[in-house]
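Structure first, commentary second.
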Amino acid sequence: MALLCTALLGIVLAAYVLRGKFAPWTLSPLHALLGVISLALLVAMLLEGAAPTRALYALILLLVAAGGGLLLVSYHLRNRLPPRIIVIAHAGCAVAGFLTLASLLLP
């Protein structure tokens, strides 16, 4: 559920930036906090040893997305809008990680 909330907030944040506007600063830390919680839960699941390989692939994709998120924050802290390609790459990795993890729910 935390990952789904992170994704929904990410859509809102990306919509602002892709329209050339700064995202509300209050939403960004919430997005980051939910992302960190999601990653921690995924790592805990992997450390238990019962997780399928796709969960590891999802973690890798989401860690790459998190790195992109840190880059996006650095732009925001400098009061500069990030290049759209960085927003798209961040979102693409996050969506790929989310869908990889969601695929575990399919029969």
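Below, all heavy atoms of this structure are taken into account, side chains as well, without hydrogens, waters or symmetry copies.
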Notebook entry, point to check: Would you say Val36 and Ile60 are hydrophobically clustered, going by side-chain heavy atoms of ILVMFWY under 4.5 Å?
Noted result: no
Next item on the list: With the side chain counted from C-beta on, respond yes when Leu3 and Phe98 share a heavy-atom pair under 4.5 Å apart, and no when they do not.
Entry: yes
Checklist line | Which atom of Phe22 lies closest to which atom of Tyr16, heavy atoms considered | finding: O-CD2, 3.7 Å
Next item on the list: Could you tell me the separation between the CG atom of Leu9 and the CG atom of Leu27, rounded to the nearest 0.5 Å?
Entry: 6.0 Å
Notebook entry, point to check: Are Leu8 and Leu13 grouped together when hydrophobic residues (ILVMFWY) are joined by side-chain heavy atoms under 4.5 angstrom apart?
Noted result: no
Checklist line | CG-CG distance between Leu47 and Leu42, expressed to the nearest 0.5 angstrom | finding: 9.5 Å
Next item on the list: Taking all heavy atoms of Ala2 and all of Ile37, pick out the closest pair and write down the distance.
Entry: CB-CG2, 4.3 Å
Next item on the list: Using the rule that two of Ile, Leu, Val, Met, Phe, Trp, Tyr join whenever any of their side-chain heavy atoms come within less than 4.5 Å, decide whether Tyr75 and Leu18 are in one cluster.
Entry: yes
Next item on the list: Taking the side chain as every heavy atom from C-beta outward, state whether Pro52 and Leu104 have any pair of such atoms under 4.5 Å apart.
Entry: yes
Next item on the list: Flag the pair Pro82 / Val17 as yes when at least one side-chain heavy-atom distance between them is below 4.5 Å, and no otherwise.
Entry: yes
Notebook entry, point to check: When rounded to the nearest 0.5 angstrom, what is the spacing between NE2 in His90 and CG in Leu70?
Noted result: 9.5 Å
Note to self: Is there a path of hydrophobic side-chain contacts, each under 4.5 Å between heavy atoms, that joins Val95 and Ile88?
What the structure shows: no
Next item on the list: Give the minimum heavy-atom separation between Ile86 and Gly68, together with the two atoms involved.
Entry: CG2-O, 4.5 Å
Next item on the list: Kindly compute the distance separating CG (Leu59) from OG1 (Thr100), expressed to the nearest 0.5 Å.
Entry: 11.0 Å
Check: What distance separates Leu72 CG from Leu81 CG, expressed to the nearest 0.5 Å?
Finding: 10.5 Å
Check: With sequence neighbours left out, what residues match Arg54 under side chain to side chain donor-acceptor pair (under 3.5 Å)?
Finding: Ser103
Note to self: Hydrophobic clustering (ILVMFWY, side-chain heavy atoms < 4.5 Å, transitive) - are Leu99 and Leu46 grouped together?
What the structure shows: yes
Item checked: Pairs touching residues 25-62 that satisfy ring-ring contact (aromatic ring centres under 6.0 Å, His included), sequence neighbours left out -> Trp25-His76
Check: Roughly how far, to the nearest 0.5 Å, is CG of Leu39 from CG of Leu34?
Finding: 11.0 Å
